[in-house]
Amino acid sequence: MEFAIATAIGVLAASGIYLLLRARTFDVILGLTLLSYATNLLIFAAGRPVVGKPPVLRDGVAQTLANYSDPLPQALVLTAIVIAFAMTAVTVVVAMREHADLHTDHVDGEEPDDAARGGDR
C-alpha cells in the first residue's frame, strides 16, 4: 500500500512540474492543481492513516496514538484543499484577463512564431 501511495505522489508531482514548465496558461493551471493533489496525498500519507480508529477522544480509552488516529493531517488536508481551490480560482481569473488583453494564452504574452517575426501584431 505504501508503494502505491508513494507512486501516486511521485506521478502527480512529476506531471505537475512538467505542466508547470509548459508555455500555456491552461497547462500551468493544471500543473498547479496536480501539484496540490500530490501535496495533499503527501500530508495525508505522512499522518499514518489507520482504519477503524476514531480521531476523537473517548472516555475510558487511553489517550495514546495506539488507540486513535491522528486528526491533524486530516485537518491540514482539508485546509490545503480550500487554499488550493482559492489559488486555482485566482489563477483562472488572471489567465482570463491576460487572454482578454493580449489575445493569447502563452505565458509571456507572445506566440513563439511572433517572436521569430519580430513581434508584429
Side-chain angles (χ1 to χ4, degrees):
M1 186 65 177
E2 291 88 8
F3 181 74
I5 291 177
T7 303
I9 292 170
V11 167
L12 285 172
S15 301
I17 290 171
Y18 173 76
L19 287 172
L20 275 175
L21 297 175
R22 303 285 296 180
R24 302 286 179 190
T25 53
F26 183 73
D27 295 341
V28 171
I29 293 169
L30 233 64
L32 283 173
T33 304
L34 288 179
L35 208 54
S36 69
Y37 291 161
T39 305
N40 291 344
L41 269 178
L42 180 67
I43 292 170
F44 191 70
R48 295 181 305 130
V50 291
V51 177
K53 293 184 181 178
V56 181
L57 300 177
R58 294 182 301 186
D59 291 334
V61 180
Q63 297 178 4
T64 63
L65 283 179
N67 298 323
Y68 297 102
S69 65
D70 190 9
L72 184 61
Q74 298 170 24
L76 289 174
V77 167
L78 285 175
T79 304
I81 289 170
V82 171
I83 291 170
F85 179 74
M87 179 186 67
T88 303
V90 168
T91 309
V92 166
V93 168
V94 169
M96 288 174 58
R97 177 62 190 251
E98 176 193 13
H99 189 294
D101 289 348
L102 301 175
H103 305 292
T104 181
D105 68 337
H106 205 267
V107 291
D108 64 357
E110 293 182 7
E111 293 293 328
D113 50 315
D114 284 347
R117 287 186 293 166
D120 294 338
R121 290 190 195 217

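Computed from a predicted structure; not experimentally measured.
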Subject >> All side chain to side chain donor-acceptor pair (under 3.5 Å) counterparts of His99, not counting sequence neighbours >> reply: none
Subject >> Distance (rounded to the nearest 0.5 Å) between Asp27 CG and Leu32 CG >> reply: 11.0 Å
Original post:
Is there a path of hydrophobic side-chain contacts, each under 4.5 Å between heavy atoms of I, L, V, M, F, W or Y residues, that connects Tyr37 with Ile5?
Top reply: yes
Original post:
Using links of under 4.5 Å between side-chain heavy atoms of ILVMFWY residues, direct or through other members, which residues join Phe3 in one cluster?
Top reply: none
Subject >> side-chain contact (heavy atoms from CB on, under 4.5 Å) partners for Leu42, two or more places apart >> reply: Ile9
Subject >> Leu35: side-chain contact (heavy atoms from CB on, under 4.5 Å) partners, not counting sequence neighbours >> reply: Ala13, Ile17, Leu20
**OP:** Please list, chain by chain and in numerical order, all residues satisfying side chain to side chain donor-acceptor pair (under 3.5 Å) with Arg22, sequence neighbours excluded.
**Re:** Tyr18
Original post:
If every non-hydrogen atom of His106 is compared with every non-hydrogen atom of Glu98, which pair is closest and at what distance?
Top reply: O-OE2, 2.9 Å
**OP:** Could you pull out all residues at least two apart from Arg97 that satisfy side chain to side chain donor-acceptor pair (under 3.5 Å)?
**Re:** Asp101
Original post:
Using links of under 4.5 Å between side-chain heavy atoms of ILVMFWY residues, direct or through other members, which residues join Leu72 in one cluster?
Top reply: Ile43, Phe44, Leu76, Val77, Ile81
**OP:** Can you see which heavy atom on Leu19 is nearest to which on Gly31, and at what distance?
**Re:** CB-CA, 3.6 Å
**OP:** Please answer: with hydrophobic residues joined when any side-chain heavy atoms are less than 4.5 Å apart, are Phe85 and Val28 in the same cluster?
**Re:** no
Subject >> salt bridge (Lys or Arg N to Asp or Glu O under 4.0 Å): pairs with one or both residues in residues 77-91, sequence neighbours excluded >> reply: none
**OP:** For residues Gly47 and Pro73, report the shortest heavy-atom separation together with the two atoms involved.
**Re:** CA-CG, 3.3 Å
Original post:
Taking all atoms of both residues into account, what is the closest heavy-atom pair of Thr33 and Ser36, and its distance?
Top reply: O-OG, 2.7 Å
Original post:
Can you name the residues that form a side-chain contact (heavy atoms from CB on, under 4.5 Å) with Ser15, not counting sequence neighbours?
Top reply: Val11, Leu34
Subject >> Inter- and intrachain pairs under salt bridge (Lys or Arg N to Asp or Glu O under 4.0 Å), touching residues 76-96, at least two apart >> reply: none
**OP:** Examine Val82 and Leu78 and state if one hydrophobic cluster contains both, with Ile, Leu, Val, Met, Phe, Trp and Tyr joined whenever side-chain heavy atoms are less than 4.5 Å apart.
**Re:** no
Original post:
By side chain to side chain donor-acceptor pair (under 3.5 Å), which residues pair with Asn40, not counting sequence neighbours?
Top reply: none
**OP:** Give me the other members of the hydrophobic cluster that Ile29 sits in, counting Ile, Leu, Val, Met, Phe, Trp and Tyr linked by side-chain heavy atoms under 4.5 Å, directly or via other members.
**Re:** Val92, Met96
**OP:** Carefully, step by step, assess Thr104 and Arg24 under the rule side chain to side chain contact (heavy atoms under 4.5 Å, CB included).
**Re:** CA-CA 9 Å; Thr104 181; Arg24 302 286 179 190; 4.2 Å; yes
